[in-house]
Peer 1: 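Pasting a structure below so you can have a look.
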Amino acid sequence: MSAVLPTGDHEGAPSVGEAVERIGLRGFTRALRLWVPTSVWVAALVQTLFLVVLAATDGYDVARSGEVLRVILTYVTVAAMFGLVHLVVGVRSRLAVPITLAVFSLFVTVNIACEETAGNFDYAFVHANAREIFTPLGRHIVASNLKIGEVALLLFVPLTSGLALVTIPNRAWPGSVRSRWGAALVCTSLLVGLPAARVSTHEALTAFVVSALRFHAENSEAEASTRGMAYPYVHDLVPSPVAAAASAGDPAPRPDVILLFLESWNGVFTDKTRPDGRAYTPVFNARRRDGLSFEHFYGNSIQSSRGHFATLCSLIPLYRAKEFTDLGATRLRCLPEVLGGAGYKSLFYSATAEPEFDRSQIFFRRIGFDEALFQDPPQLSHDPDFWGTGLQDDVFYKRFFGLIDERIEREPSAPIFAVAANASNHYPFNERPNHVPDPHEATKYRRNYVASLSNSDAWLATFFDELDKRPRLRDAIVVAVGDHSFPADEHGIHINMLGSYEEAFRTAFVLRWRGHLEPRHVPDRAGSQIDIAPTIADLLKLSGKVAFAGRSLLDETRASEAAPLVQPYDGVQLVAVRYPFKLVRHEAAEQESLFDLSTDPAEEHDRIHDPRLASEREALRETITRIHANQSVLRGNRVWPE
């Protein structure tokens, strides 16, 4: 061991205190150089660069409590990490420089990734999205997020620092063998103890490793907890009184069902006005007054595939892994299959040209769609209406209804379940040709988002125009819902993989069935995407068994059930909303917060310790437990019997 871990000349070597006393403050820097390896100094300088970049971003103010201690512990962690490498591999071993450079490269890479994803780069993010990053759409999203100047700076400085590691090698540990192993034990204790104590720092590499260990430990625990479980979601459909009254009656032909997913639609903007008094979404505002709508309607998670899953399958999304790609062995029974049993022919149509992204096309066919169609890339190469991630909304709507016409012409007697997913209002919200940011908003991110949302809202008029000009479809059940929300700097956050504020989940929703369902706005009850499939089944008076986790929005007997929401990144945040109360549990930090949205819509006053809300807190915790159990049910193939 001594040949691999050289000690240098340590006989009579002074301690740090003795060195300072002998040489005085003027020589203190030289003493530090003697005891602190070059790799620690260089890593500390690079960490400083990342902290400076972090401080320059808008998202830095999100969680500043205890920030001074957090910064100090960041440098402690960096010193412990590179100090441990130096103490273990020494300086004379052939592996010393390669191992030091390898750890340094990982350190820089993970920090760059964290900066580019606004601090969201943990193992769960990589595990869930690694495959999609290499698809054309994934590369497009990554490229649109890259800031060339920032990346150049973050790469140039680490490369320069790496050169310093080679040209200014570490010195041998000047102390005794015992002191070296004691120092190694201290470094190890810090690297293990701080994460174990849930102490937060800005050092990204150790946080990434800890997130990987936690990810696999939680998955193993979830898998183990499913053993012997029954199928908790399976139940008989029982029409609610409101739905029974709205029904067309048994002899009448079943109505067509049209479902529109609105990309990245932040529901906080609904019925709100700009600083100059103009409505943000006038078209949607007017259309939602024609049907059933909710003031507090939520996407159950924060990405398109998760929103599609929650809506079409009425199941709570996973907080570890992704539904489209990681539930291949789980038997589902989603709305397309249920409607297929009632004679419906189903169609899913996407504005994107990415059937492989999240294995979407395979998933849609698997859950029962007769057709799952995407745009044809060769035809789009010179199409001016295809930009960003998909076909421009108004053009897309016309093609969507053209497909419905073809389906009706082929089988005129079969009712249709047609689903459209638009794409124009997509991150980074500035890719439309001749894009003009809204000049009345405070930040550049909000200016871009508002302009994009306004365009998508204006094009929404084409959807309803095409719908209403077709006599057969005037009596259709029509649902428009956001696939997920997207924050627009309401709390300094402009990426949907951070935080659990209202703007991370609140989205658009309206259900219209002309002549059958009275228009109604619900201001004081929470609904979510998992409630849409049961509501459609309720209106159609379907019978038989389903495996829906949601409840019909028309069923007043279940009106008090909380909406379960999942932020799978940012340390995993699980949320339960039973308006006006909202409980947020941050899994990584093991912390809870409780807010009263009726008096505190900005979620600034945590009431988790308010004794008057003890019963509300406990009731909402049951929904958090339900989210945990759902993870086990889905991963353990306990949704629907084979």
Side-chain angles (χ1 to χ4, degrees), residues 15-17 19-20 25 28-57 59-89 99-115 118-119 121-122 153-154 156-162 164-165 168 170-171 173-175 179-180 182-211 571 588-589:
S15 67
V16 174
V20 173
L25 293 177
F28 186 58
T29 301
R30 184 177 178 183
L32 285 178
R33 174 73 188 282
L34 180 67
W35 287 89
V36 180
T38 303
S39 57
V40 171
W41 289 114
V42 173
L45 289 173
V46 173
Q47 183 65 67
T48 301
L49 169 67
F50 286 116
L51 288 176
V52 169
V53 174
L54 175 66
T57 63
Y60 183 67
D61 288 327
V62 173
R64 276 205 176 187
S65 59
E67 188 58 32
V68 173
L69 179 61
R70 185 178 292 115
V71 170
I72 292 173
L73 292 177
T74 296
Y75 285 103
V76 169
T77 304
V78 170
M81 177 168 52
F82 285 94
L84 182 62
V85 172
H86 172 64
L87 291 165
V88 170
V89 302
I99 290 177
T100 302
L101 288 177
V103 174
F104 188 79
S105 298
L106 288 173
F107 169 73
V108 170
T109 300
V110 175
N111 270 282
I112 290 176
C114 283
E115 297 295 341
F121 190 79
D122 65 3
L153 176 65
L154 293 176
F156 174 75
V157 173
L159 287 174
T160 304
S161 303
L165 290 176
I168 310 175
N170 290 327
R171 298 189 181 193
W173 177 255
S179 69
R180 183 177 59 191
L185 179 61
V186 170
C187 291
T188 302
S189 300
L190 287 170
L191 292 174
V192 174
L194 290 176
R198 304 285 184 176
V199 175
S200 172
T201 78
H202 292 299
E203 198 291 299
L205 179 55
T206 55
F208 183 85
V209 173
V210 170
S211 72

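All heavy atoms count here, side chains included; hydrogens, waters and symmetry mates do not. Start at 1 with the first residue, then count along the sequence.
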Peer 1: Any side-chain heavy atom of Met81 within less than 4.5 Å of one from Phe107?
Peer 2: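 Sidechains of Phe107 and Met81: in contact.
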
Peer 1: Does anything in residues 184-195 form a side-chain hydrogen bond (donor to acceptor under 3.5 Å, both in side chains)? List the pairs, not counting sequence neighbours.
Peer 2: none

Peer 1: Taking side chain to side chain contact (heavy atoms under 4.5 Å, CB included) as the criterion, tell me which of Val110, Val78, Val108 meets it with Leu205.
Peer 2: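 With Leu205 as partner, Val110, Val78, Val108 yield a single side chain to side chain contact (heavy atoms under 4.5 Å, CB included), made by Val110.
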
Peer 1: Once you round to the nearest 0.5 Å, how far does CG of Leu185 lie from CG of Leu87?
Peer 2: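 Rounded to the nearest 0.5 Å, the CG-CG separation comes out at 11.0 Å.
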
Peer 1: Looking only at non-hydrogen atoms, find the nearest pair between Asn111 and His202 and report the distance.
Peer 2: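 Smallest heavy-atom distance, with atoms named: OD1-O, 4.2 Å.
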
Peer 1: Kindly give the heavy-atom pair with the smallest separation between Val210 and Pro195, and that separation in Å.
Peer 2: CG2-CB, 3.5 Å

Peer 1: Work out which heavy atom in Cys187 is nearest to a heavy atom in Ala80; give both atom names and the distance.
Peer 2: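 So the minimum-distance heavy-atom pair works out to CB-O, 3.5 Å.
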
Peer 1: Measuring from atom CD1 of Ile99 to atom NE2 of His86, what distance do you get when rounded to the nearest 0.5 angstrom?
Peer 2: 13.0 Å

Peer 1: State whether the side chain of Thr74 and the backbone N or O of Thr201 hold a donor-acceptor pair below 3.5 Å, judged by distance alone.
Peer 2: no

Peer 1: Holding to side chain to side chain contact (heavy atoms under 4.5 Å, CB included), I want the full list of residues that pass it with Ala79, two or more places apart in sequence or in another chain.
Peer 2: Val40

Peer 1: Please list, chain by chain and in numerical order, all residues satisfying side chain to side chain contact (heavy atoms under 4.5 Å, CB included) with Thr48, sequence neighbours excluded.
Peer 2: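 So Thr48 forms a side chain to side chain contact (heavy atoms under 4.5 Å, CB included) with Val52, Tyr75.
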
Peer 1: Do the side chains of Thr77 and Leu191 get nearer than 4.5 Å, heavy atoms only?
Peer 2: yes

Peer 1: Kindly write out the residues that satisfy side chain to side chain contact (heavy atoms under 4.5 Å, CB included) with Ala207, not counting sequence neighbours, or none if the list is empty.
Peer 2: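 None.
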
Peer 1: For the residue pair Val89 and Val85, establish whether any side-chain heavy-atom pair is separated by less than 4.5 Å.
Peer 2: yes

Peer 1: Are Phe104 and Val46 packed together at the side-chain level, in the sense that at least one heavy-atom pair is separated by less than 4.5 angstrom?
Peer 2: yes

Peer 1: Tell me every residue that passes side chain to side chain donor-acceptor pair (under 3.5 Å) with Thr206, counting only those two or more places apart in sequence or in another chain.
Peer 2: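 Once residues adjacent in sequence are excluded, the partners of Thr206 under the side chain to side chain donor-acceptor pair (under 3.5 Å) criterion are Glu203.
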
Peer 1: For Thr109, enumerate each residue passing the side chain to side chain contact (heavy atoms under 4.5 Å, CB included) test, keeping only those at least two apart in sequence or located in another chain.
Peer 2: none

